[in-house]
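We count residues from 1, following the sequence as given.
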Amino acid sequence: MTVVTFSLFGFATLRKRLWAFSQMGLAKPALRKIPDLRFFKLMGTGSGAGFSTRPNFGVYTLLAEWPSMEVARERIASAGGLEGHRQVADRMATLYLEPVASRGRWDGHRFEVAADAREQKLPLVALTRASIRPSKLFRFWSRVPAISETVEREDMRRFMIGTGEIPWLHQVTVSLWQSAEAMERFSRESATHGEAVRLAYQENWFSEYCFTRFNLLATQGDWQGLTDMSGLDRDLSGKAEDRTRSGAGAMAARSAAAG
């Protein structure tokens with residue numbers, strides 16, 4: 001089973017933040033040498049919930065794809081290419097994810113969804129990635145403040161962070177939702193995000209996009225917003241009580257399939 005990890009690294013002091021910023025370029029050769037690492041992106045983040053035009057130099061993320069849960073756990077814990085981040089970061093947390101529905105590509109890469117992938121469970125994890133055409137930057141970012149304000153008021157959103165490879169041009173949002181219906185409503189029907197999605201398609205804002213939904217298999221570490229699922233290495237992969245109500249998983253899958 002393909003497993004995707006999303007790791008967050010927090011750096012408190014100026015010295016550590018300067019080190020982390022330098023690793024955006026310096027760490028990539030070492031990361032490429034990690035065995036079994038199929039795909040990865042080392043990224044910076046924006047300020048606030050959702051995404052922002054203001055960078056956050058205290059937080060960086062790593063998204064990676066592995067061939068199995070066992071390999072993912074071992075590499076995150078001990079791979080040499082991540083030793084610096086493990087030692088320097090003041091805090092770190094990792095989400096272990098199973099793709100259940102995906103549409104589009106990320107730098108040509110498609111997240112593999114197994115033929116026997118399980119139904120969507122709660123909390124669901126959503127990843128949205130877009131490469132924004134330079135000519136559409138103002139149109140896109142002028143709508144960001146209103147979208148961020150809307151999502152911050154959404155009770156069913158448990159966590160959200162904006163991240164990306166290149167500021168303003170490549171935007172990634174990773175979010176956890178306690179309700180598939182609430183995620184769908186925000187994504188498709190809200191006056192802020194929903195309207196932006198419609199305009200993006202109509203006006204061809206994106207040169208590449210990727211929408212993926214995941215099951216949360218486990219969490220490791222401690223991070224604000226994930227506190228109730230962190231601190232202990234919690235394995236969610238077999239808990240029947242985390243399954244959605246009937247039909248919620250199908251809705252999330254349709255959302256990803258429809259884009």
Side-chain angles (χ1 to χ4, degrees), residues 1-12 16-17 19-20 23-24 27-28 30-31 33-45 49 56 58-100 111-112 114 117-118 120-127 129 157-163 172-178 212-243:
M1 176 183 69
T2 295
V3 170
V4 174
T5 55
F6 183 69
S7 299
L8 302 103
F9 305 93
F11 303 90
K16 291 183 177 182
R17 291 182 178 192
W19 178 89
Q23 295 307 297
M24 291 294 289
K28 291 179 180 178
L31 289 170
K33 295 178 181 178
I34 296 177
D36 306 303
L37 181 55
R38 295 174 171 176
F39 176 79
F40 77 90
K41 290 294 178 180
L42 185 61
M43 301 175 286
T45 66
N56 180 358
V59 177
Y60 294 82
T61 69
L62 173 70
L63 183 136
E65 184 181 87
W66 314 92
S68 71
M69 185 68 158
E70 180 181 10
V71 169
R73 285 185 180 277
E74 195 281 330
R75 299 293 185 261
I76 292 295
S78 62
L82 284 171
E83 182 177 1
H85 282 78
R86 288 193 302 267
Q87 291 183 351
V88 177
D90 295 288
R91 55 190 176 123
M92 173 182 172
T94 296
L95 307 180
Y96 294 84
L97 308 168
E98 173 194 18
V100 295
F111 290 107
E112 177 186 347
R118 290 168 293 179
Q120 183 80 67
K121 300 188 298 182
L122 293 178
L124 70 87
V125 180
L127 178 149
R129 189 265 184 180
R157 175 193 59 83
R158 297 180 66 167
F159 174 79
M160 177 174 278
I161 190 167
T163 185
V172 181
T173 303
V174 175
S175 55
L176 276 77
W177 296 81
Q178 190 55 45
T212 305
R213 304 288 182 258
F214 301 92
N215 279 334
L216 178 61
L217 301 177
T219 65
Q220 191 172 28
D222 188 21
W223 202 269
Q224 184 178 2
L226 301 174
T227 304
D228 58 342
M229 294 185 295
S230 304
L232 295 175
D233 185 4
R234 181 181 176 194
D235 188 343
L236 304 175
S237 58
K239 289 188 177 293
E241 63 267 29
D242 287 323
R243 293 188 180 277

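To the nearest 0.5 Å, atom CG of residue Leu62 and atom CG of residue Leu37 are 7.5 Å apart. For the atom pair Met69 CE and Arg73 CZ, the distance stands at 4.0 Å (nearest 0.5 Å). Rounded to the nearest 0.5 Å, atoms CE (Met43) and CG (Leu8) are 9.0 Å apart. Atom CZ of Phe111 sits about 5.0 Å away from atom CZ of Phe214, to the nearest 0.5 Å. With values rounded to the nearest 0.5 angstrom, Glu65 atom CD is found 7.0 Å from Glu112 atom CD. From Met1, atom CE reaches atom CZ of Arg118 across 5.5 Å, with rounding to the nearest 0.5 Å.
Nearest heavy-atom pair across Arg213 and Ala126 is NH1-CB, 3.5 Å. Shown here for Ala117 and Pro99, the closest heavy-atom pair between the two residues is CB-O, 4.1 Å. Taking both residues in full, the closest heavy atoms of Gly44 and Met24 are given as N-CE, 3.6 Å, listed atom of the first, atom of the second, then distance. Nearest heavy-atom pair, Lys121 versus Asn215, reported as atom, atom and distance to 0.1 Å: N-OD1, 2.7 Å. Across every non-hydrogen atom of Met92 and Ser7, the tightest pair is CE-OG, 4.5 Å.
In this structure Lys16 satisfies the side chain to side chain donor-acceptor pair (under 3.5 Å) test together with Asp90, sequence neighbours excluded. Arg38 meets the side chain to side chain donor-acceptor pair (under 3.5 Å) test with Thr2; sequence neighbours excluded.
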(request) Starting from the C-alpha separation in whole Å, work towards a yes-or-no answer on side-chain contact (heavy atoms from CB on, under 4.5 Å) for Thr173 and Leu127. (result) CA-CA 6 Å; Thr173 303; Leu127 178 149; over 6 Å; no
(request) Show your working on side-chain contact (heavy atoms from CB on, under 4.5 Å) between Trp223 and Thr94 and close with a plain yes or no. (result) CA-CA 9 Å; Trp223 202 269; Thr94 296; over 6 Å; no
(message) Quick one, Phe40 with Lys28, criterion side-chain contact (heavy atoms from CB on, under 4.5 Å). Give me CA distance, side-chain angles, the key distance, then yes/no.
(response) CA-CA 9 Å; Phe40 77 90; Lys28 291 179 180 178; 4.3 Å; yes
(request) Mind running side-chain contact (heavy atoms from CB on, under 4.5 Å) on Phe11 and Val88 for me, showing each step along the way? (result) CA-CA 8 Å; Phe11 303 90; Val88 177; 4.0 Å; yes
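Of the possible donor and acceptor atoms, none in the side chain of Asp36 sits under 3.5 Å from a partner among the backbone N and O of Trp66. Between the side chain of Thr5 and the backbone N or O of Tyr96 there is no donor-acceptor pair closer than 3.5 Å. Side-chain atoms of Arg86 come within 3.5 Å of backbone N or O of Ala79 as a donor-acceptor pair. A side-chain donor-acceptor contact under 3.5 Å links Asn56 to the backbone of Gly58.
In this structure, Leu82 and Ile76 have side chains that are in contact, with non-hydrogen atoms separated by less than 4.5 Å. Counting heavy atoms from C-beta outward, Leu216 and Leu176 have side chains that approach closer than 4.5 Å. A 4.5 Å side-chain heavy-atom check between His85 and Gln23 finds at least one atom pair inside the cut-off. You'll find the side chain of Val3 stays beyond 4.5 Å of the side chain of Leu97, heavy atoms only. A 4.5 Å side-chain heavy-atom check between Ile161 and Phe6 finds at least one atom pair inside the cut-off.
Taking a cutoff of 4.0 Å between a charged side-chain nitrogen and a carboxylate oxygen, Arg91 and Asp222 do not qualify as a salt bridge.
Remark: the Trp177 side chain and the Ser175 side chain contain an N/O donor-acceptor pair separated by less than 3.5 Å. Remark: the Thr163 side chain and the Thr61 side chain contain an N/O donor-acceptor pair separated by less than 3.5 Å.
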